[in-house]
Amino acid sequence: MAMLREAHAGGAQFVVFPELALTTFFPRYWMTDQNEVDSFFEREMPGPETRPLFDLARELGVGFYLGYAELTQEKGELHRYNTSILVESDARIIGRYRKIHLPGHSEHLPDAPFQHLEKRYFEVGNEGFKVWRAFDAVVGMCICNDRRWPETFRVLGLQGVEMVVLGFNTPSVNAQNGGEGLAKRMFHHKLSLQAGAYQNSTWVVAVAKCGVEDGHHCMAGSVIVDPDGEIVAETKTEDDELLVYDCDLDATRFGKETMFDFARHRRIEHYGLIAAQTGVVAPKA
Ligand code: CDT
């Protein structure tokens, strides 16, 4: 809430918080007690603890993206998702995204320095990649590992996205490949964001939950990428840090009307052929 005030004072209309912003990155822990697991999940949004954030957002007239663990009951069954919401400046929740590309594993790896149990604690999101009209923009959401998949950005790009927002928690060490250093992990992170921005002519805002959390280090690298794929703003620390940038949405026009004018240049009729040649089954249109 203090940072929301700071952002408002700095002229921000829309604020992006990280993935699983309300808890520690609990998928790093092997847990067998479902009650313990569920203690990390929100049963309602806003709930008693989060309502003050919504009240403040309404008072300031600032919208936000927030990542959290969602526990929901649908048709009498409990479901758990790694979720983000899009909240308008009047504090209405206007969009929800449930993470689709869940990384990691579902089994216990006792020899690993830490776990990455998103596949155990969450279901794959069931609502696809969507866009919403908000803040005078066409806004799309995804979460962390989704950024590494071109499909994420292209599905949003095909819907005319002008700003993709995402939070991330990326351990600075690859538990499966300790030799992969922080520099390479940062390179892949930026490579994915910059490619997604350029190839879809969209702004990308990516926000880290970084630094040491419960003794585990997560990498920083919060950035704002312009529709040319260039990083125009970047955090400098691993602490709580606010980055304010004026994103000109008209800057998305040039790329969308030239190189990445999908209606003119995209060759969907050939992609099925390529899929047949490679043996990769193309999804039904
Ligand atoms: N939170 C999240 O999705 N993190 C992944 C780490 C993958 S390592 C199993 C990421 O893509 O950054």
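Note that ligands are numbered from 1 as they come in the structure, with each ligand's atoms numbered from 1 the same way.
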Next item on the list: May I ask you to check whether Glu241 and Thr235 show a side-chain donor-acceptor distance below 3.5 Å?
Entry: no

Item checked: Pair His79, Glu123: side-chain N/O donor-acceptor within cut-off below 3.5 Å -> yes

Identify all pairs of nitrogen or oxygen atoms, one from ligand 1 and one from the protein, separated by less than 3.5 Å, and list them with distances.
residue, atom, partner, partner atom, Å
ligand 1, 1 (N), Glu19, OE1, 3.0
ligand 1, 1 (N), Glu19, OE2, 3.4
ligand 1, 1 (N), Glu118, OE2, 3.2
ligand 1, 1 (N), Asn169, O, 3.1
ligand 1, 3 (O), Lys99, NZ, 2.7
ligand 1, 3 (O), Glu118, OE2, 3.3
ligand 1, 3 (O), Asn145, N, 3.3
ligand 1, 4 (N), Asn169, O, 3.1
ligand 1, 11 (O), Asn145, ND2, 2.9
ligand 1, 11 (O), Arg148, NE, 2.7
ligand 1, 11 (O), Arg148, NH2, 3.2
ligand 1, 12 (O), Arg147, NH1, 3.3
ligand 1, 12 (O), Arg148, NH2, 2.9
ligand 1, 12 (O), Thr170, OG1, 2.7

Item checked: Lys/Arg-Asp/Glu bridge criterion (N-O < 4.0 Å) met for Glu213, Arg28 -> yes

Note to self: Check this for me, if you would: do Arg253 and Asp250 make a salt bridge, where the nitrogen-to-carboxylate-oxygen distance has to be below 4.0 angstrom?
What the structure shows: no

Margin query: I'd like to know if the side chain of Arg133 reaches the main chain of Val139, judged simply by a donor and an acceptor atom lying under 3.5 Å from each other, with no hydrogens or angles considered.
Written below: no

Notebook entry, point to check: With ring centroids as reference points, do Phe168 and Phe25 lie under 6.0 angstrom apart?
Noted result: no

